[in-house]
Amino acid sequence: MNGASQLTPSLPPTGQLGQLRSFLLSRAAAAGLASQVLVEIYPHSDIPPGCLWLESDGDSSLVLQLAPNATLPPSAVPALASAWKDLHEAEKRELLLLEELAVDWESLQALYDLSADLQSDLSHTEMLRRILERATAPVRDSSAILLLERSGTLVPFSWFNTQAPGEFSSITGLTGRVVREQHAIVLNDPVRIRAVAGLESSWADAASVALAPITTPQRGLFGIIALWSRHPESSFNSHLVRLLEALGQQAALIVESDRLGRTLRESERLKQEIQIGSLIQQTLLIGEPPRHHPYFDIATMNMPSQTVDGDFMDMFQRCDDGLEVLVGDVMGKGIPAALIGAATKGQVLRAIAETGHAVAPGAVSLDGIINRAAARMTPHLQAIDRFVTLNFALVDPQRNTVQWVDCGHTATLHYHAASAEATQMKGEGLPMGVLESEVYSESSAPFEPGDTLLFYSDGVTEASNASGDMFGEDRLAAVLVEHAPHGAAAVLDAVRRRVVEFSGSATFADDFTCLAVRLLPRGERPVYSSSVTLDSTLSDLPRLYAWAGTFLAAPETDIEPEAADLLLLALTESVTNIMRHGYEGASGKPIAIFAAACLDRLVFEIEDEGIPWTYEPAPDPAFDGSKSGGFGLFIIDQVMDRRLHLRLPNGRNRLQLTRFRNHQNPTENTP
């Protein structure tokens, strides 16, 4: 049952028809005709004999069929004719309404069925086929196709009841006209269809064609949906075009949903690959600094702009306690840059191994190693149109010198403890991969105890704020001068905070890599050290007491028993604060403690993986009992000379406590 036949019984009788019948019956009764009057509408060619003709609309006529010898009053004829006109117009309006409602009924039914399909597990190919099948349902011998716009070309994406279609132009033919005019086209005349210039072969034998553009707010013209019929009596109207447009929008939804689904799946796959690449990067590109070196305080930081980047760095401790530092930056980002960085770093390590440099220091110069690595890397870098900047340095604590080879890298900043100033260390070499004939040379400079070297990538100095200003080397040098006396980790923590404050963002457009190396003054070099890792539970405090007691009682520590008791109290307060606040009472979390006895001080470093703390100078507690709390930090600050809080690049918190041998001053709290 179609929509029209379902809707017709629900419509009320036309008012004019009821009025006309009542009028005729009354006139007939007045003329003594009773029910002998019949009112009918006949085609002109089928009017029976003996009927009275009243009115015609051009196609049919209203006639009265009377009983033999019956008459009708003359005044009734014009009244009947006028009433019939009203009736006939009403019937036409009713017919048009029924046709429109029938088409809308079919459209609603098709869209309802389609919405049910969208809730099913059907593939996008099957759903598109069903859309085109529903588009052809109201028209006999019809076919349909969905075309999608791809870089200025209309590509057949799905079709129904037709063979694989040929090419479609966005310039000529009916599709070109739809693209230009951006509205639907309907042709119900085969002659007019075949008169279209550049007519598509699919519609050469069509009797009727309807095309509707598919547009979306995001993409503009998305594609075209077309319906055509070869049946000679086929005809498309505006209602069918509206249905076609609605089905086209649903098809666009399905296509976009499938595209987004494939994009999501590809994104998940790429995300997994990048996670693996990031793990490889951390293993191959970013070396861990030696902890608690007898001569150096070392800290590193790497914040990639993407999950994987092209920055690399590593440190190599030589047998004479010298420290070799390699930092580099590959042009570009992502996995390709990381692979190039790994290859470059590998070639430098290979050159070191081949020359025996690490075994016999001084046997081969730094520039000899870099020139050997460059000879191998440059042809490959030129073949892929990439280059690498790097700096290879040797810090010698015995001779108090620093030597370096610069391959176009950012200038290293050198903090001079004696003058509290920072200068640049820069070479003349080009980036590796620019010229095969490039020969790299070595430079050197004095490097005294207390001095600090800051290596960095251009992502640090080129970090920009909202106005487009870059952080720059002057701001970086100022941070170095301010924080270098507090150690390498303090420098990098301050650099991170200052750059984030300056740029207003914790993410950067380029890779962000820093490495700080401080040559410890003689008084800060450990003569004895020890470490322990506790569980974040109060029941593990006895292990803290036992370990601390052993360290504080060692001859190298050389501290009075009363001072040792105060240090143990300060350590206990620090550790229990981490348990209660950093880990919020959770057990099974690590608290790593390192202690070093130096000539002029005792240093304790406590690291945890808890929530970041906001460390402020401790207010004086209320000794009159008016308020509780505050005693822990007060005790720590009275026992220690320096309390330094850091958020390390690996996400850990570090609390560094220092007590000088000549303990006199109140604690210096440094954020």
Side-chain angles (χ1 to χ4, degrees), residues 275 278-279 281-283 286-294 296-303 315 486-493 496-497 506 515-516 526 528-554 557 564 567-598 602-615 632-633 635-636 639-640 642-659 669-671:
Q275 288 175 344
S278 179
L279 179 61
Q281 175 208 3
Q282 295 300 321
T283 304
I286 308 300
E288 285 290 331
R291 289 294 307 274
H292 312 303
H293 192 285
F296 298 107
D297 176 22
I298 309 167
T300 63
M301 178 168 56
N302 173 250
M303 300 172 64
M315 295 125 282
H486 302 304
V491 170
L492 298 193
D493 180 63
R496 178 189 57 80
R497 287 187 289 105
L515 186 152
Y528 171 65
S529 63
S530 180
S531 62
V532 67
T533 300
L534 305 176
D535 185 82
S536 58
T537 177
L538 294 176
S539 62
D540 213 22
L541 286 179
R543 286 210 305 131
L544 169 66
Y545 304 150
W547 168 83
T550 301
F551 173 79
L552 295 172
T557 305
L567 286 171
L568 179 57
L569 178 60
L571 288 174
T572 302
E573 288 292 337
S574 301
V575 169
T576 53
N577 274 340
I578 293 172
M579 291 178 178
R580 291 172 180 148
H581 305 294
Y583 286 129
E584 300 180 313
S587 61
K589 305 294 184 179
I591 301 176
I593 308 175
F594 171 80
C598 307
L602 297 178
V603 179
F604 301 89
E605 293 182 353
I606 307 174
E607 292 189 9
D608 68 86
E609 300 173 356
I611 61 175
W613 285 20
T614 302
Y615 295 104
L633 289 180
I635 292 172
I636 295 171
V639 174
M640 299 295 180
R642 178 182 295 165
R643 173 166 54 91
L644 179 63
H645 301 276
L646 301 172
R647 185 70 173 173
L648 300 179
N650 58 15
R652 296 178 180 176
N653 301 304
R654 177 185 292 176
L655 171 61
Q656 188 179 83
L657 303 174
T658 303
R659 179 183 173 97
N669 300 319
T670 305

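Excluded from the calculations below are hydrogen atoms, water molecules and symmetry mates; all remaining heavy atoms, backbone and side chain alike, are included.
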Could you check whether any side-chain heavy atom of Arg643 comes within less than 4.5 Å of a side-chain heavy atom of Leu655, counting everything from C-beta outward? yes
Got a second to check how far Leu567's CG is from Phe604's CZ, nearest 0.5 Å? 5.0 Å
Minimum heavy-atom separation for Leu552 to Leu568, with atom names? CD1-N, 4.4 Å
Does any non-hydrogen side-chain atom of His486 lie less than 4.5 Å from one of Val491? no
Identify the two heavy atoms, one from Thr537 and one from Met579, that lie closest to each other, and give their separation to 0.1 Å. O-CE, 3.2 Å
So, does Tyr583 use its side chain to make a donor-acceptor pair with the main chain of Pro590 at under 3.5 Å? yes
Just how far is it from atom CG of Leu534 to atom CG of Asp608, taken to the nearest 0.5 Å? 11.5 Å
Do the side chains of Phe551 and Val532 get nearer than 4.5 Å, heavy atoms only? no
Shortest non-hydrogen contact between Ser536 and Ala586, atoms and distance: OG-O, 2.7 Å
Restricting to pairs with a member in residues 529-546, which pass salt bridge (charged side-chain N to carboxylate O under 4.0 Å, His left out), not counting sequence neighbours? Asp540-Arg543
Note: Ala570 and Ile636 closest approach over all heavy atoms is O-CG1, 3.8 Å
Could you give me the CA-CA distance, side-chain angles and deciding distance for Leu569 and Val639, then say whether side-chain contact (heavy atoms from CB on, under 4.5 Å) is met? CA-CA 9 Å; Leu569 178 60; Val639 174; 5.8 Å; no
Arg654 versus Asp493: any side-chain heavy-atom pair under 4.5 Å? no
Atom CD of Glu607 and atom CG of Asn653: how far apart are they, to the nearest 0.5 Å? 9.0 Å
Do Leu571 and Ile606 come within less than 4.5 Å of each other through their side chains, counting heavy atoms only? yes
Please report the interatomic distance CD1(Ile635) to CE(Met640), rounded to the nearest 0.5 Å. 11.5 Å
Under 3.5 Å: donor-acceptor pair, side chain of Thr557, backbone of Ala553: no
Are the side chains of Leu644 and Thr658 in contact, using a 4.5 Å heavy-atom criterion? no
How about Ile593 and Leu544: do any of their side-chain heavy atoms sit closer than 4.5 Å? yes
Within the structure provided, determine whether Ser530 and Thr550 are in side-chain contact (heavy-atom separation under 4.5 Å). no
According to the interplanar angle, ranging from 0 to 90°, do the rings of Phe594 and His292 count as parallel (below 30°), tilted (30 to 60°) or perpendicular (above 60°)? parallel
